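As a basis for the values below, the full set of heavy atoms in this structure was taken, side chains included, without hydrogen atoms, waters or symmetry mates. Predicted model only: the values in this text are computed from it and were never measured.
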Amino acid sequence: MEKRFVYADNSATTRVSQHALEAALPYFTENYGNASSIYALGMNAARALEKARGQVAAALGAKPNEIFFTSGGSESDNWAIKGCAENGEKKGKKHIITSVFEHHAVLHTCQYLEKHGFEVTYIPVDEKGLINPEDVKNAIRDDTCLVTIIFANNEIGTIQPIAEIGAICREKKVLFHTDAVQAVGNVEIDVSKMNIDLLSLSGHKIHAPKGCGALYIRSGITLPNLIHGGAQERTKRAGTENVPSIVALGVAITDACADIPAKREKVSKMRDRLIDGLLKINETRLNGDREKRLCGNVNVSIRGVEGESLLLNLDLNGICASSGSACTSGSLDPSHVLLSIGLPHEIAHGSLRLSINEETTDEDIDYILEVVPKVVKKLREMSPLWERICKEENITRTI
Ligand SMILES: *Cc1c(COP(=O)(O)O)cnc(C)c1O
């Protein structure tokens, strides 16, 4: 088969869509005004911001005044968690509940708060990567100020029972935040039905530019500022607004949420073919739940290969993929997500994440399924580890 370029790392970032790009362009060139200025050029920018705010709100079942633009998913997570912590502290509530397999934007923020006198309960996940809502219920205490649980995991794609957790938090009168960066556009979200109080999203995971995102804050909740300065975002988030990116975010989120069921059907078909094909490689396992899974996420562990070598060899063949999450690459520790579902270090090291989307084609899937087994065969042939595994466990070396 001819060499192709296949981008299968959409959980790391996505291409900016033509539609979002075209919507943004005039705000770089003609309508470059500052949205806080009173002349027409500024007002054009301000109007564009409000239009985008309405689009983001509509995608979540929220009201426009509940949407605050930020620099992305990480800032939104920081703001939500630190803000609720500060509010909680004033009432003597210094306990936070999260899960063991959050994105680092949540995990490291919680660890930071632990250093500042907060207590954090890390809810475990089962071997499929799912949280039991009962565990959240049992962890809630009188001094709990926040529950923060990732909507869909960025590495293994598992989708959590967010509505159930939301109902529990509402009943117990504890604020509930979710990092929905990976879920937006893949799962239908309704913040009121799901009893979500705060929700983080990011532009660059849904075909808008990097460096822009939003935090939904349910009306009635007032968070202290994370960024102090001017009166932008109704005084709650200072800094001249990134108007072109915000305009793109409004367009991109509308497109992403326009027909989720159709996208899910199309993409999950390709995903399932990819999973089935990869599992034909012997001593390979799927990470994460087969059903409660993002339509574009594939994560497998292939014994006897090393994730980094696999990625380099896939790159030589034109395939962009990831091992664990992009943020963890460059570190020798296996991903905390893979360890949290009980994988031993050795197996976690040989993991491969392919994240496809609606731009992926059947030919791309064919190509991946042709290249990966070849690369695995080559790497295993050179691997003393694989040789030892085969001897010790009496595995017939097919691939
Ligand atoms: C990418 C990602 C983030 C970080 O978003 P940025 O916009 O890159 O800061 C946070 N949470 C999850 C689940 C993500 O996938």
Side-chain angles (χ1 to χ4, degrees), residues 56-57 60-63 65-70 73-103 105-114 116-123 131-152 160-181 183-184 189-202 213-227 233-234 236-237:
V56 173
L60 303 175
K63 297 191 280 284
N65 67 3
E66 296 174 313
I67 304 299
F68 296 83
F69 293 114
T70 66
S74 300
E75 184 189 325
S76 297
D77 286 342
N78 270 264
W79 188 14
I81 298 167
K82 288 177 185 163
C84 290
E86 197 179 318
N87 284 347
E89 189 171 23
K90 285 187 199 130
K91 298 183 208 149
K93 295 183 171 189
K94 295 186 74 174
H95 176 236
I96 293 169
I97 297 170
T98 186
S99 83
V100 289
F101 81 156
E102 297 294 310
H103 188 274
V106 169
L107 222 43
H108 290 167
T109 303
C110 287
Q111 286 162 3
Y112 165 83
L113 289 169
E114 280 180 303
H116 287 79
F118 283 81
E119 208 184 315
V120 180
T121 300
Y122 298 90
I123 303 288
I131 287 165
N132 181 353
E134 282 300 306
D135 289 345
V136 176
K137 191 177 193 170
N138 295 333
I140 294 176
R141 318 189 308 211
D142 289 341
D143 64 342
T144 306
C145 59
L146 177 71
V147 171
T148 171
I149 300 286
I150 190 165
F151 204 127
Q160 304 305 324
I162 289 300
E164 284 172 69
I165 298 171
I168 290 168
C169 293
R170 186 56 54 88
E171 191 202 316
K172 299 264 188 183
K173 298 191 171 60
V174 176
L175 289 180
F176 177 41
H177 165 254
T178 183
D179 175 337
V181 170
V184 170
I189 298 178
D190 185 317
V191 286
S192 14
K193 279 195 197 130
M194 296 175 152
N195 288 307
I196 296 167
D197 296 309
L198 305 112
L199 178 147
S200 303
L201 63 90
S202 172
L215 180 64
Y216 152 78
I217 308 176
R218 187 169 56 76
S219 51
I221 300 170
T222 309
L223 291 190
N225 284 37
L226 182 70
I227 312 280
E233 295 299 285
R234 304 182 301 292
K236 296 312 298 175
R237 198 279 185 182

Q. What's the spacing between E86 CD and F118 CZ if we round to 0.5 Å?
A. 8.5 Å
Q: Find out whether the Lys NZ or Arg CZ of R234 is both under 6.0 angstrom from the six-membered ring centre of F68 and within 45° of the ring's axis.
A: yes
Q: Check S200 against D77 and note the closest heavy-atom contact, atom names and distance.
A: OG-OD1, 2.7 Å
**Q.** Separation between CG of D190 and CG of N195, rounded to the nearest 0.5 Å
**A.** 9.5 Å
**Q.** Test log, rule side-chain contact (heavy atoms from CB on, under 4.5 Å), inputs V56 and Y216
**A.** CA-CA 9 Å; V56 173; Y216 152 78; over 6 Å; no
(Q) Quick check against the 3.5 Å criterion: does K236 have a side-chain atom that pairs as donor or acceptor with the backbone of L223? (A) yes
Q: Check whether the ring centres of H108 and Y112 lie less than 6.0 Å apart, and answer yes or no.
A: no
Q) Roughly how far, to the nearest 0.5 Å, is the CG atom of D142 from the NZ atom of K172? A) 9.0 Å
(Q) Walk me through whether R237 and F69 qualify under side-chain contact (heavy atoms from CB on, under 4.5 Å). (A) CA-CA 8 Å; R237 198 279 185 182; F69 293 114; over 6 Å; no
Q | Exercise: identify the closest heavy-atom pair between D135 and I123 | A | O-CD1, 3.6 Å
Q: Would you give the length of the straight line joining atom OG1 of T178 to atom CD1 of I165, rounded to the nearest 0.5 angstrom?
A: 8.0 Å
Q: Have a look at I81 and tell me which of D179, L226, T109 forms a side-chain contact (heavy atoms from CB on, under 4.5 Å) with it.
A: T109
Q.
Can you give me the closest heavy-atom contact between C110 and I96, atom names plus distance?
A. SG-CG2, 4.3 Å
Q. Can you name the closest pair of heavy atoms from Y122 and S99 and give their distance?
A. CD2-O, 3.8 Å
**Q.** Any D197 side-chain heavy atom under 4.5 Å of R170 side chain
**A.** yes
Q: Ignoring hydrogens and angles, tell me if any N or O in the side chain of E66 forms a donor-acceptor pair with the backbone of A57 under 3.5 Å.
A: no
Identify every side-chain donor-acceptor pair in residues 143-152 under 3.5 Å, counting partners at least two apart or on other chains, and give the distances.
unit_1: D143; atom_1: OD1; unit_2: R141; atom_2: NE; d: 2.9
unit_1: D143; atom_1: OD1; unit_2: R141; atom_2: NH2; d: 3.4
unit_1: D143; atom_1: OD2; unit_2: R141; atom_2: NH2; d: 3.1
unit_1: T144; atom_1: OG1; unit_2: H95; atom_2: ND1; d: 2.8
unit_1: T144; atom_1: OG1; unit_2: R141; atom_2: N; d: 2.7
unit_1: T144; atom_1: OG1; unit_2: R141; atom_2: O; d: 3.1
unit_1: T148; atom_1: OG1; unit_2: H177; atom_2: ND1; d: 2.8

Q | Reported CD-to-NE2 distance for the pair Q111 and H116, which is rounded to 0.5 angstrom | A | 13.5 Å
Q.
Using a 6.0 Å cut-off, check whether atom NZ of K90 has over 12 heavy atoms from anything other than its own residue.
A. yes
Q. Any donor and acceptor pair, going by atom type alone, linking the side chain of S76 with main-chain N or O of A214 inside 3.5 Å?
A. yes
Q | Heavy-atom pair with the smallest gap, counting every atom of T70 and L215 | A | CG2-N, 4.1 Å
Q. Quick one: CD on E89 to NZ on K82, what's the gap to the nearest 0.5 Å?
A. 13.5 Å
Q | P224 backbone acceptor or donor facing W79 side chain under 3.5 Å | A | yes
Q) Is a donor on one side and an acceptor on the other found under 3.5 Å between the side chain of N87 and the backbone of T222? A) yes
Q) Are F176 and R218 close enough that some pair of their side-chain heavy atoms sits under 4.5 Å apart? A) no
Q.
Quick check: closest heavy atoms across V191 and A62, and the distance to 0.1 Å?
A. CG2-CB, 3.9 Å
